[in-house]
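Every chain is numbered from 1 and lettered A, B, ... according to where its sequence line falls, protein lines coming before strand lines.
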Amino acid sequence: MEDYQQNPVASSLFVRYDPFTMSYNHQEIEKKWQAKWAANRAGHVDEAASRDNALYYLIMFPYPSGSGLHVGHVESQAAIDILARMERMRGKNVLCPIGYDAFGLPAENYAIKTGVHPAETTKKAIENFHNQMQSLGLSFDWSREISTADPEYYKWTQWLFLLFYKNGLAYRKKSPVNWCEGCHTVLANEQVVAGACERCGTVVVQKELEQWFFHITKYADRLLAGLDSIDWPEKIKSMQRNWIGKSVGAEINFLVMSDEGSGISDQAKDSLKFTPELTELIYSGKKTNTIRLEKKNLQVGDTVRLMTRLSATETHSFAFAKITGVDLIKLNDISLDLKGHERYESREAMLKSYQDFYGATVSLETEFVLYHFANVTPLITVFTTRPDTLFGATYLVLAPEHALVDQIVTDEHRSEIDTYRIAASKKSVLERTELQKEKTGVFTGAYAINPANGEQIPVWIADYVITTYGTGAIMAVPAHDARDFEFAKKYELPIKVVVKPAVLQTLMSETLAVSHGAQSSVEIVSDCFTEQGIAINSAFLDGLSTADAKQKMIAWLEEKHIGNAKTTFRLRDWLVSRQRYWGAPIPIIWCENCGAQPVEEAQLPVELPTDVDFSAIGGSASGGKPTGESPLVDSNTFHNVKCPTCGKAARRESDTMDTFVDSSWYYLRYTDPHNTNAFADKSKIDYWCPVDLYLGGAEHAVMHLLYARFFAYALHDLGYLGFEEPFLKLKNQGLILGPDGDKMSKSKGNVVNPDEMVSEYGADALRLYEMFMGPLEDAKPWDTKGVVGVRRFLDKVHNLCIRVIGGVPRPRDDAHTKLIHKSIKKITSDLEELKFNTAISQLMIVVNEFSSASSINKETFETFLKLLAPLAPHLAEELWEKLGHTTSIFAESWPVFDSTLIVDDVVDMGVQVNGKVRGTISLAPSADEATAKELAFANVNVMKWIDGKEIMKIVYVPGKIFNIVVKE
RNA sequence: GGGACAGUGGCGGAAUGGUAUACGCUCGACACUUAAAAUGUCGUCUGGGAAACCGGGUGCGGGUUCGAGUCCCGCCUGUCCCACCA
């Protein structure tokens, strides 16, 4: 997940540190303690009886790239290690694991270039990462190291896929999807950035393909609401809110004018409900349709409302029709290719489909009513966030791909419409969403009726309306929407003002007021008003505020069955299919008879085949098969299987899963990484989860972090988790930039190699420097001179210790005791708040103080060492041992400050005259105002400023400030 | 176009509304050394002054307050995110 590029050869940027006499031998010390920690399994944890002391500290696991660990990895690893070590010293049972997000494109693309199998390069890279992390002295629980590319891991990724599949959370559908020509695979919406592939930058095109999706939109509302309960950076939360994109408004049905004219809706006697597929068939058929449905008291001549079933409880109207015939007919007697009806391959397939719709009790003998109807008058359903402006809707616009277009277009406009639709389908996502692009569109020849005022309004198609958002159709209110305004001006469509600003104060508002004052409400105005205001020209809404008008309009729409309140989300379902090799195979078998069949649990994992010749795949720089299939189809061993249901020859699903599926549940696996019976034991999940602190880059705001939350919600609902939110607290570490202030990259040659830093200055110095650079969340440029600086500090600590050991025993120095207790307080709270830089500066202050003292008390120094230990663990252990201890410093308790010792007897305090500091006095922080006043007024510098002036007021904040306000 | 965050010395940065620039780097002087490195000590926002001290100073302009880097309003600049989402 954390993927960094780096160049090991950039030595010219580094300042060589000369290890001379006053310097300790970091290489020897660090090797020694790393070996000891490995031997006692320092970071190893087990569940305890009580959950009270359990903490789960997690960093986003790295993608094991061939170029090795990056200084950016070190930052989050050091941070989490410091916190884990401190909390262990405070008696906590801390789970702090590490693993590898090992599937992904780079290894596969490398394989295509070189022929080396991704499993091999990945294995090597993981070994390298492991060794590099060991050399940093990180106290992970190494017994829990996992790799998502390990069959023991992806077995459970596949198992979870099937769990989702069986519970309706994983499904297959044909829809326009994002296709990357560079990577030769489909992409999730989240992986398309500004119309281009997030990974390779190639312009993404839309393709109509059948793919696997996860039903994340089912959780849109809860994923949005859940954000309020978690301690995450506001920035990330707002990005997720944006991405989910909740819009509250209404759906409004516009009746398309039929040959017979309008008014049919009022006569609807009852409603007939259809599946979405049948809805589509009614539209794509001609004007006469036949269809069967549940029994209703309907007769020839009745007008009925046709509705789509969106779910068990949700429906929406799509048309009106007149019944021309009613027959009773057994399912067995319905022809398989009944006109206006779904076509079935076999009687069994028909029965199954009916059972899915009407329940298992349906048999071939069940009698159904077959209705014939004519004069299907379609409704165009639009979604709007401004139902209050319905009176100002002067035309409708459909997306070019809208299902109704074919049906409503008049013959004289058909060729023009077809040309436009074909042109739109050829455009890339980028072209269609390009900024400041001039809007284009074509009139369909059809008219709809504005239900508010009965006016006939033209229906257009235009590619500024997106098929995948809302209903793929809009009511255009050019006077109050910038896009509609631009379009209306270009095509000379009417513009009708229906909202005026609440306060007329801007020039624009005046323009509107003038246009409103004119006789005709339909005229060209110079600008549009998109803000909220007061309704005008809107009959029963006139005079209402936008908010009130919305409410009243929705109530009116619902009462008249014309529309309803509706909330829409921008979030799309998560497309998880990838036409690539190096990922977890989707555990599905395709059978000609039985359709998609899940692989039986006992057959998991579906392992990746080894007989794939990567060098033969080639074809493009970044690999992938240009055919739109995964390289897995080339494997004989993999591709041809038997159907688990009927036993006939079948084909294995050849797509793999998006690697974000792997990383959506890895934190659960850490709690029980070797379990062969479940993805993790529930009791272990319950003990450790949810994660108390999660550290990682902000680039995952709407990808990994949203997907992982979805997984947690889904698994919670399925009974596997006792919580919904997986990560209670999230912190983002900032980017570490090159010494030139630019993002580190191979091409710029400004990459810093952590290995060189470790060998030159030591792991302790590297860790400490990265923590000292600045606030964890900020982007900061690298400066190797700074590493030298913290190394100097560590040498001072070392030399100080030599003095403590060699010196004669000394009584405690009161000043030192006070300093160390203040430092315990500050460092503890700083570390708790992840303010490593200020914690370290406090340690430096202590060392500077001790270094200039003639003697240091051993016990005081030992307290200091304990505070240093999480930050510079190797040196702290070494010095602790040198001081005569035989057990680890990490077995010690974290120091606790004595609150009576952190109060100063005397402090220097500023004295202000009219807010400007004019002098300084020394006094006890507990001194009363009279004492302070006496001292302040006796101060020579202060006296100069108050001499002869009238004193208006005195503000005394003990220990902080003494301010004298005088009349000037 | 919309949103989020930020702007403090030569540099990284510090500061519950209370002595702005802690800590580190850099640079300079001195000590140690034949010398250099390393180490140590002192200095290092700016103008004036030998100094004490005085004036100015946290992107710009206002405001609240005894007191503002910090809070409020308006702007400028930068970074990131979203972007024809109805």
B:C66 base / A:N963 side chain donor-acceptor hit below 3.5 Å:
yes
Between the base of B:C84 and the side chain of A:K439, is there a donor and acceptor pair under 3.5 angstrom?
yes
Watson-Crick or G-U wobble partner for [N], using a 3.5 Å limit on both distances?
{"N": "B:U16", "answer": "none"}
{"N": "B:C5", "answer": "B:G78"}
{"N": "B:C42", "answer": "B:G28"}
{"N": "B:A51", "answer": "none"}
{"N": "B:G67", "answer": "none"}
{"N": "B:A35", "answer": "none"}

Determine the Euclidean distance between corresponding [atom1] atoms of [M] and [N]; express it in Å to zero decimal places.
{"N": "B:G3", "M": "B:G69", "atom1": "C1'", "value": "25 Å"}
{"N": "B:U65", "M": "B:C60", "atom1": "P", "value": "23 Å"}
{"N": "B:G49", "M": "B:G61", "atom1": "P", "value": "27 Å"}
{"N": "B:U39", "M": "B:C25", "atom1": "P", "value": "9 Å"}
{"N": "B:G10", "M": "B:C45", "atom1": "C1'", "value": "10 Å"}
{"N": "B:U70", "M": "B:G7", "atom1": "P", "value": "10 Å"}
{"N": "B:U8", "M": "B:A15", "atom1": "C1'", "value": "10 Å"}
{"N": "B:C27", "M": "B:A37", "atom1": "P", "value": "11 Å"}

Does either side chain, that of A:T838 or that of A:D830, offer a donor lying less than 3.5 Å from an acceptor on the other one?
yes
Need to verify one output field. Residue with the more 5' nearest nucleotide on RNA chain B, A:A779 or A:G915?
A:A779
Residue pair A:S238/A:M475 against RNA chain B: nearer the 5' end by closest nucleotide is A:S238
With a non-hydrogen cut-off below 4.0 angstrom, is [X] in contact with a base, only sugar-phosphate, or nothing?
{"X": "A:I474", "result": "base"}
{"X": "A:G470", "result": "nothing"}
{"X": "A:V957", "result": "base"}
{"X": "A:A476", "result": "nothing"}
{"X": "A:V917", "result": "sugar-phosphate"}
{"X": "A:D778", "result": "nothing"}

Between [atom2] of [N] and [atom1] of [X], the distance in whole Å:
{"X": "A:L398", "N": "B:C84", "atom1": "CG", "atom2": "C1'", "value": "16 Å"}
{"X": "A:K916", "N": "B:G18", "atom1": "NZ", "atom2": "P", "value": "17 Å"}
{"X": "A:I946", "N": "B:C66", "atom1": "CD1", "atom2": "P", "value": "19 Å"}
{"X": "A:K835", "N": "B:A22", "atom1": "NZ", "atom2": "C1'", "value": "13 Å"}
{"X": "A:I840", "N": "B:A14", "atom1": "CD1", "atom2": "C1'", "value": "14 Å"}
{"X": "A:D830", "N": "B:C23", "atom1": "CG", "atom2": "C1'", "value": "12 Å"}
{"X": "A:Y24", "N": "B:A38", "atom1": "OH", "atom2": "C1'", "value": "16 Å"}
{"X": "A:K960", "N": "B:U70", "atom1": "NZ", "atom2": "C1'", "value": "14 Å"}

Closest approach to the side chain of [X], judged atom by atom: which nucleotide of [options] is it?
{"X": "A:K944", "options": "B:G40, B:C53, B:G18", "result": "B:C53"}
{"X": "A:F383", "options": "B:A86, B:C84, B:U19", "result": "B:A86"}
{"X": "A:W243", "options": "B:A14, B:A83, B:A86", "result": "B:A83"}
{"X": "A:I845", "options": "B:C66, B:C23, B:G18", "result": "B:C23"}
{"X": "A:I961", "options": "B:A86, B:G18, B:C84", "result": "B:G18"}

Does the plane of the ring in A:F864 sit parallel, tilted or perpendicular to the ring in A:F793? Use 30° and 60° as the thresholds.
perpendicular
Is a side-chain N or O of A:D573 found less than 3.5 angstrom from the main chain of A:I216, in a donor-acceptor match?
yes
Please determine if a side-chain N or O atom of [X] lies less than 4.0 Å away from the OP1 or OP2 oxygen of [N].
{"X": "A:N848", "N": "B:A22", "answer": "no"}
{"X": "A:R918", "N": "B:G67", "answer": "no"}
{"X": "A:N837", "N": "B:A14", "answer": "yes"}
{"X": "A:W782", "N": "B:G12", "answer": "no"}
{"X": "A:K785", "N": "B:U26", "answer": "no"}
{"X": "A:Y469", "N": "B:A86", "answer": "yes"}
{"X": "A:N941", "N": "B:C53", "answer": "yes"}
{"X": "A:R241", "N": "B:A4", "answer": "no"}
{"X": "A:R792", "N": "B:C25", "answer": "yes"}

Any side-chain heavy atom of A:F937 sitting closer than 4.5 Å to one from A:I951?
yes
Determine, for A:D904 against A:K818, whether the closest basic-nitrogen to carboxylate-oxygen distance falls under 4.0 angstrom.
no
Does this structure show an ion pair linking A:R241 with A:E234, if we count only N-O contacts that are shorter than 4.0 Å?
yes
With A:E75 as partner, the option from A:Q733, A:K780, A:R767 fulfilling side-chain hydrogen bond (donor to acceptor under 3.5 Å, both in side chains) is A:K780
Is the base of B:G9 syn or anti, where syn means the angle lies within 90° of 0?
syn
Does A:K825 NZ have over 12 foreign heavy atoms under 6.0 Å away?
no
If you draw the axis of the six-membered ring of A:Y469, does the NZ or CZ of A:R572 fall within 45° of it and under 6.0 Å from the ring centre?
no
